[in-house]
Structure formats: C-alpha cells, structure tokens
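What follows is a short report on a single structure.
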Amino acid sequence: MNTVVCIKQVPDTETLIKIQGAGIVQDGIKWVMNPYDEFAVEEALRKKEEMKAGEVTVVSLGPDRAVEAIRTALAMGADTAVHVSDAAYAEKADPYAAAAAIAAAIKASGKPYDAIFLGKQAIDDDSAQVPAMLAEMLGIPAITMVIKFDVAADKSKATVTREVEGGVAVVEVPLPAVFSAQKGLNEPRYASLPGIMKAKKKPVDVKTAADLGVTEGPKTVIKEMSLPPARQAGQKVAGDDAAAKAKELARILHEDVKIV
Amino acid sequence: MPGTLIYAEVQKGEIKKGSFEVASKAKEFGGEVAACIIGKGAEALAPQLAKFGADKIYVVDGPEFENYVTEAYVQAFAQVAKTVNPSVILASATAQGKDFVPAVAARLGVGAISDCVDLQKNGDKVVAKRPMYAGKAYAMVEAVADPQVIAVRPNSFAVKEVAGAGAVEKVAVALDASKIKAVVKSVELAQTNEPDQTEAEIIVSGGRGMKGPENFKMLEDLAKLFGPTATTGASRAAVDAGWRGHSYQVGQTGKTVSPNLYIACGISGAIQHLAGMGTSKVIVAINKDAEAPIFQKADYGVVDDLFNVVPALIEEIKKVKG
C-alpha cells in the first residue's frame with residue numbers, strides 16, 4: 001500500500017508561548033513533530049508492513065528547521081520525503097494555502113497513493129482544516145477523526161472507525177482517500193538508532209512554491225495576537241478537616257458561584 | 001443585502017444549542033439572517049430557528065440525509081450558499097461542525113476560521129478571536145474574501161430569543177451521487193445523555209490522583225448532581241493510564257474546554273492541561289499537594305485528600321439541593 005503522510009513541525013507541548021506582533025517568539029522553542037501526525041506516520045508504516053509492499057512518502061510544509069521533523073518520520077521508517085520550504089509561507093500560510101501547497105507537492109511528486117494520512121489537527125494553530133481542504137483540492141473523500149483503520153486486501157476500499165459526537169461511526173470509503181488521525185488510532189513507535197542512521201541517507205526533495213507552481217495565497221490573515229488574561233490564584237477553602245472543607249465548598253458553589 | 005447564513009446542525013432529532021448561539025450572534029450583525037438546516041426530519045424543526053433570529057430558513061430534508069455524510073451535506077449546503085450569496089457563514093464548532101466547516105469552505109473556494117470564541121463586526125469584515133496553542137495564546141483573524149466562513153466554539157455566545165421573519169423554504173437538492181463515496185455502515189452512541197466536554201457547562205475532571213478507573217464513579221456521581229449540562233473529564237495522565245477513554249481528555253492533545261465550572265480532582269496542572277481549561281469561568285481544585293501548579297489557576301483550592309473531600313462534597317451538595 002502506497003501512502004503519503006503529511007506532517008507539521010510544531011512547538012513542543014511544554015512550550016510557554018510568547019507573543020511578538022502577529023506571531024510568536026520563536027527563540028528557545030523546542031520543535032517537534034505534531035503529536036497527532038505521529039499517529040498518521042505510524043498507521044502508514046503499519047499498513048506497509050502488514051501488506052508487505054508499498055512506499056511511505058512524507059510531505060511537510062515548513063521552514064528549514066522542519067527537516068528535523070521530516071527526519072524523525074524517516075527514522076521511524078518512512079521511505080522518502082518532500083519538503084516544501086518557501087519564505088513566502090513564513091508565518092503566513094493559513095490552512096487553505098498550506099493545503100494548496102501540499103496538494104501541489106503530492107501531485108508534482110508523481111507518487112501513486114492509496115491513502116493520505118494526516119494528524120487530525122496541528123497543535124499550534126489548532127485549525128483542523130487541512131485534511132478536508134487537501135481532500136477537496138485532490139478531488140477525493142476525507143474521513144476525519146479516525147481511530148481504527150482497516151484496508152481491503154485489494155486496496156480498493158478502507159473500513160474505518162471515526163469519533164463522532166457521543167460515540168463512534170464505522171465508515172466505508174473507496175481508495176484513494178484522505179484520513180485524519182485521532183489519538184487512539186495506534187501507539188506510535190520511537191525511531192530506533194539504526195533507523196536514525198538510515199534516515200540520514202533517505203532522500204528529502206526540497207521544493208519552493210514556484211517549483212510546484214502554487215499560486216494560491218492565504219485566505220485568512222492573523223491581524224494580532226495576545227496572551228490570555230493571567231489567572232490569579234484564588235482563595236483556599238478553609239476547614240479543619242476534609243468534611244469541613246467540603247461543606248464550605250458546597251456553600252461557595254451554592255451562594256457565591258450560584259451553580260448549585 | 002448580503003447577510004449571514006448559518007448552518008443549523010441536527011443531532012438526535014434536535015437542533016444543537018450551538019446553532020441557536022450563532023443565529024443569535026448573526027442577528028446582532030444586522031442584515032438578513034438565513035439558516036440552512038439539513039437532515040432527515042429537518043422540516044419539522046425548521047420553525048424553531050425563527051425564534052432565534054432567522055429571517056429565512058432553507059430546509060434540506062430527505063432520507064439521504066439520515067446520517068451525516070460530509071460530501072452529501074457539503075453539496076447541499078454549498079447549493080444553498082450559492083443561492084443566498086451571504087457575506088458571512090457561521091456554524092457551531094461541534095464535533096460535526098469541525099468536519100463540515102473546512103470542507104464547505106474549500107468547496108466554496110474560500111478559507112475558514114476555526115473554533116472562534118468571539119466575533120466583532122468591523123465594517124464588512126468579521127474579526128474573529130480564536131485560541132491557538134490550545135489556549136496559550138489568542139489570535140484575531142480575518143478572512144480576505146466573502147463568504148467569511150467561521151466556526152464558533154459552543155458556549156461562546158448566549159442564546160437570545162429574537163424573532164426573525166422565519167420564512168421556510170424547502171430546497172430540492174440535486175446531489176451528485178457519484179461524488180458521495182463514503183458510506184456510514186453503523187453509528188454507535190454511548191448510552192449516556194452527558195454533553196460533550198466542549199459543550200458542557202460543568203466539568204468534573206480527574207487526574208493521576210484518582211489512582212484507578214474505578215474511582216471515577218464518584219466524579220460521575222458528583223457531575224450528575226449538577227444536572228444534564230454537566231459531564232466528567234480527565235487529564236492526560238489518567239487517559240494514558242487507560243482509566244478513561246481519550247474522548248474525556250482535556251488539554252493540548254485532548255479537548256479545549258471553557259465551562260462555567262471546572263472541578264479538577266487529583267490533577268497537578270501540567271501546562272498542557274492548564275492551556276486546555278484555563279478559560280473556564282470558575283476553577284475549583286482538589287488536591288492534597290499544596291504545591292500543585294493547579295492551585296495557581298484555581299479560584300477555589302481545597303488542599304486535602306480528594307478521597308475524603310469528594311464523597312463529603314457529594315453529601316453536602318445533596319443537602320444544599322434539599
């Protein structure tokens with residue numbers, strides 16, 4: 001099974017975000033592969049292993065440093081990569097422009113694919129738009145929030161379980177299609193030391209927007225950024241023992257917060 | 001004049017509260033408010049939208065819309081959107097909305113702004129405020145062209161009863177069946193009426209301090225006392241330990257929530273968790289570790305063993321409720 005996995009490099013979840021103009025302060029940030037994209041990479045690798053055939057191609061849009069996330073995916077076991085790197089996208093690529101660049105990169109690579117996997121959202125902008133937009137631009141269906149993925153032996157269709165409000169839905173879809181990975185899909189592997197060594201020799205094809213002939217710019221613009229108002233530590237609930245504190249808390253919820 | 005088109009979502013035979021919230025907000029923008037409601041049996045629900053400001057209600061009803069299938073719904077909505085030609089399209093960022101909105105935007109050839117918590121009208125533009133980095137920062141975002149497609153996080157706006165003209169028009173949609181490739185084979189819903197964490201008004205959440213899956217029962221009991229708008233949540237530590245399913249996880253790799261009341265039990269307050277619930281209106285923390293970072297964010301802190309506090313709190317709340 002041939003797959004394309006789209007990944008994004010994002011600040012580690014431990015990062016304390018600082019604002020600078022309409023963006024964030026990039027200094028001192030530890031950059032990692034978007035956690036949801038790890039599930040996407042893992043699923044692509046598992047399907048290749050199960051079916052004992054196929055190629056896993058990584059596609060990433062990002063500045064030069066994004067190559068580290070690409071190398072991580074290659075070290076996990078992906079075969080090749082396309083890195084769309086262009087100053088025109090720096091801090092300005094909204095989900096639409098990102099999807100257009102990725103769609104163009106997939107088309108230009110000429111790689112055949114049965115499935116495209118992405119994380120359900122990137123934990124930086126939290127937009128969760130690229131999977132659906134990419135599918136639209138490629139003219140194939142998108143199934144989002146996938147927590148179980150099975151593919152027919154002839155690769156004609158996939159049967160997937162996706163999270164829906166209050167439960168799950170089982171959906172059958174002909175391939176190729178786009179799938180966005182939700183936590184629970186699998187347990188991503190760590191890159192092995194031999195994997196890391198091998199990844200250094202795997203091909204990473206670097207492309208600019210001009211190389212790909214993408215002209216679609218962003219359709220949304222961030223005008224300004226701010227930090228949430230700082231929350232102050234409030235009061236400690238008084239009482240000699242747990243029972244007394246519970247009684248006081250019940251009073252607070254009733255009389256002060258007025259929720260009970 | 002081009003106004004606002006809202007997407008009215010139907011779940012379990014009812015219009016989502018979030019859809020009424022965006023209808024109320026659309027009314028404030030001025031201009032005509034149109035609504036598009038899709039689903040099997042949608043026609044019977046449509047008149048409700050008039051109470052919350054809809055001047056015109058487009059109904060797409062039929063057996064082919066029994067289950068939510070992205071492509072079928074997108075085709076139907078896009079057809080209505082082309083007729084209405086609105087300046088702004090609003091939807092609630094529910095589980096379905098998050099799947100639907102970017103697909104609709106892409107079909108219409110425009111961008112989308114996800115999961116907004118506030119909207120300001122500035123001339124022809126809507127300036128949308130949305131959290132990024134799970135709430136560690138906020139961005140003010142504008143669309144460059146109409147229709148400005150915006151998804152609004154549930155509970156961001158009050159539902160206001162404002163009568164709209166409420167003219168109902170049934171729309172016959174010509175679906176291109178060749179493009180509807182996904183088939184919903186089955187839908188399995190949990191036997192619970194609890195709201196989704198992103199829509200709940202009260203969340204009782206447990207972390208590593210809960211010690212095991214069996215102890216979440218008391219959090220469920222506590223949540224039930226608060227009524228049907230309450231539910232339970234969990235920290236990543238509790239989810240990764242296998243005590244709760246991932247759909248309960250609150251935080252940067254789970255759900256971002258902003259209920260009226262968030263009760264954190266045995267949760268230390270890692271930065272990823274605090275980002276996910278930091279906009280809750282009132283935060284209560286129960287933890288025996290007085291140094292736990294959660295107390296820096298909590299309006300009310302109970303420094304004590306949750307296994308003593310929570311059962312006592314349940315009894316006290318029962319007394320208060322009489």
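On a predicted model such as this, the values are computed, not experimentally measured, just so you know.
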- A:Q232 versus chain B, the contacting section by heavy-atom distance below 4.5 Å: backbone
- Message: Under 4.5 Å from any heavy atom of chain B, what part of A:I19 do you find: side chain, backbone, both or neither?
- Response: side chain
- Please state whether the side chain, the backbone, both or neither of A:D241 comes within less than 4.5 Å of a heavy atom of chain B. backbone
- Query: Are more than 12 heavy atoms from other residues, nucleotides or ligands located less than 6.0 Å from atom NZ of A:K247?
  - Reply: no
- Here the pair of heavy atoms bringing B:V309 nearest to A:A242 is CG2-CB, 3.9 Å
- Message: So which residue, B:L225, B:D99, B:N308, B:V302, ends up with the most heavy-atom pairs under 4.5 Å with chain A?
- Response: B:D99
- Item | chain B contact via A:V168 - which portion, at a heavy-atom distance below 4.5 Å | both
- Of all of A:K18, A:K219, A:E216, A:H254, which one pairs up most often with chain B through heavy atoms under 4.5 Å apart? A:K219
- For residues A:V170 and B:V184, determine if any side-chain heavy atom of one lies less than 4.5 Å from a side-chain heavy atom of the other. no
- Do you know which of A:E172, A:E248, A:K223 has the most heavy-atom pairs with chain B at a distance under 4.5 angstrom? A:E172
- Output yes when A:K245 and B:D305 qualify as a salt bridge under the 4.0 Å nitrogen-oxygen rule, no when they do not. no
- Note on the structure: Most contact-rich option vs chain A, by heavy-atom pairs under 4.5 angstrom, among B:H246, B:K136, B:Q296, B:E188, is B:H246
- Message: Does B:K321 have more than 12 heavy atoms from other residues, nucleotides or ligands lying within 6.0 Å of its NZ?
- Response: yes
- Task: Could you tell me the separation between the CG atom of B:L108 and the CD atom of A:E136, rounded to the nearest 0.5 Å?
- Result: 9.0 Å
- Item | Separation of A:M225 CE from B:Y138 OH (nearest 0.5 Å) | 11.0 Å
- Around A:D240, counting heavy atoms of other residues, nucleotides and ligands shown, do more than 12 lie under 6.0 Å from its CG? no
- Task: Test A:D125 against B:R130 for salt bridge (Lys or Arg N to Asp or Glu O under 4.0 Å), laying out the working first.
- Result: CA-CA 9 Å; A:D125 66 25; B:R130 63 179 303 269; 5.4 Å; no
- Determine, for B:D299 against A:R231, whether the closest basic-nitrogen to carboxylate-oxygen distance falls under 4.0 angstrom. yes
- Message: So for B:V110, is it side chain, backbone, both, or neither that comes closer than 4.5 Å to the heavy atoms of chain A?
- Response: backbone
- A:P228, A:P141, A:A132, A:G167: which one forms the most heavy-atom pairs within less than 4.5 Å of chain B? A:P228
- Is chain B contacted by the side chain of A:Q129, its backbone, both, or neither, given a heavy-atom distance below 4.5 Å? both
- Part of A:P131 within contact of chain B (heavy atom distance under 4.5 Å): neither
- Item | Contact leader toward chain B among A:V173, A:V237, A:V130, A:D94, where contacts are heavy-atom pairs under 4.5 Å | A:V237
- Query: Counting only heavy atoms not in B:K125, do more than 12 sit closer than 6.0 Å to its NZ atom?
  - Reply: yes
- Message: Between B:E142 and A:T220, is there a side-chain donor-acceptor contact under 3.5 Å, judged purely by atom types and distance?
- Response: no
- Task: Look up atom CG in A:D124 and atom CE in B:M132, then write down how far apart they are to the nearest 0.5 Å.
- Result: 6.0 Å
- So do A:L253 and B:Y300 actually touch side chain to side chain, heavy atoms under 4.5 Å? no
- Might you confirm whether atom NZ of B:K281 has over 12 heavy atoms from other residues, nucleotides or ligands at distances under 6.0 Å? yes
- Query: Do A:K236 and B:F295 meet the cation-pi criteria used here (NZ or CZ under 6.0 Å from the six-membered ring centre, within 45° of the axis)?
  - Reply: yes
- Item | Contacting region of A:P95 [heavy-atom separation from chain B under 4.5 Å] | neither
- Message: Please tell me whether B:Q249 and A:K183 have a donor and an acceptor in their side chains that are separated by less than 3.5 angstrom.
- Response: yes
- Task: Kindly indicate whether the side chain of B:L189, heavy atoms from C-beta on, has any atom under 4.5 Å from the side chain of A:V164.
- Result: yes
- So among A:T15, A:I17, A:T13, A:I123, which one has a side chain to side chain contact (heavy atoms under 4.5 Å, CB included) with B:Y133? A:I17
- Message: Nearest 0.5 angstrom please: A:E163 CD to B:D196 CG, how far?
- Response: 9.0 Å
- Query: Which heavy atom in A:A246 sits nearest to a heavy atom in B:A312, and how many Å separate them?
  - Reply: CB-CB, 3.5 Å
- Hey, does the side chain of A:Y36 reach the backbone of B:T253 with a donor-acceptor pair shorter than 3.5 angstrom? yes
- Query: When you look at CD of A:E255, are more than 12 heavy atoms from neighbouring residues, nucleotides or ligands closer to it than 6.0 Å?
  - Reply: yes
- Task: Could you tell me which portion of B:V74 (side chain, backbone, both or neither) has an atom closer than 4.5 angstrom to a non-hydrogen atom of chain A?
- Result: neither
- Message: So for B:T279, is it side chain, backbone, both, or neither that comes closer than 4.5 Å to the heavy atoms of chain A?
- Response: backbone
- Turns out that what part of A:R162 lies under 4.5 Å from chain B's heavy atoms comes down to side chain
- Looking at A:A250 and B:I317, what are the two nearest heavy atoms and their distance? CB-CG1, 4.1 Å
- Quick one: pull up CD in B:Q252 and CG in A:D12 and give me the separation to the nearest 0.5 Å. 8.5 Å
- Item | For the student: nearest non-hydrogen atoms of A:S127 and B:S114, plus distance | O-OG, 2.7 Å
- Item | chain B contact via A:Q121 - side chain, backbone, both or neither, heavy atoms under 4.5 Å | neither
- Note on the structure: Greatest number of non-hydrogen atom pairs under 4.5 angstrom with chain A, of B:A143, B:G251, B:S186, B:P195, falls to B:S186
- Message: Under 4.5 Å from any heavy atom of chain B, what part of A:I143 do you find: side chain, backbone, both or neither?
- Response: side chain
- Please report the closest heavy-atom contact between B:V144 and A:P218, naming both atoms and the distance. CG2-O, 4.0 Å
- Message: At a 4.5 Å cut-off on heavy atoms, which part of B:Q11 comes close to chain A: side chain, backbone, both, or neither?
- Response: side chain
- Task: Nearest 0.5 Å please: distance from the CD atom of B:E316 over to the CG atom of A:L249.
- Result: 10.0 Å
- Under a 4.5 Å heavy-atom cutoff, which of B:A95, B:A270, B:A298 has the most pairs with chain A? B:A298
- Task: Using non-hydrogen atoms and a 4.5 Å limit, figure out which bit of A:L134 sits close to chain B: side chain, backbone, both or neither.
- Result: neither
- Item | Residue, of B:I113, B:I180, B:V310, that accumulates the most heavy atom pairs under 4.5 Å with chain A | B:I113
- Message: Heavy-atom pairs under 4.5 Å with chain A: which of B:D115, B:I286, B:V303, B:T256 has the most?
- Response: B:V303
- Carefully, step by step, assess A:E165 and B:K12 under the rule salt bridge (Lys or Arg N to Asp or Glu O under 4.0 Å). CA-CA 10 Å; A:E165 184 176 320; B:K12 294 183 185 169; over 6 Å; no
- Which of A:R251, A:M145, A:Q182 touches chain B most, by non-hydrogen pairs under 4.5 Å: A:Q182
- Query: Under a 4.5 Å cut-off applied to non-hydrogen side-chain atoms, are A:V221 and B:V141 in contact?
  - Reply: no
- Message: Can a donor-acceptor pair be found, under 3.5 Å and without considering hydrogens, that links the side chain of B:K297 to the backbone of A:A233?
- Response: no
- Note on the structure: Residue from A:L16, A:V160, A:V260 scoring the most non-hydrogen pairs under 4.5 Å with chain B is A:V260
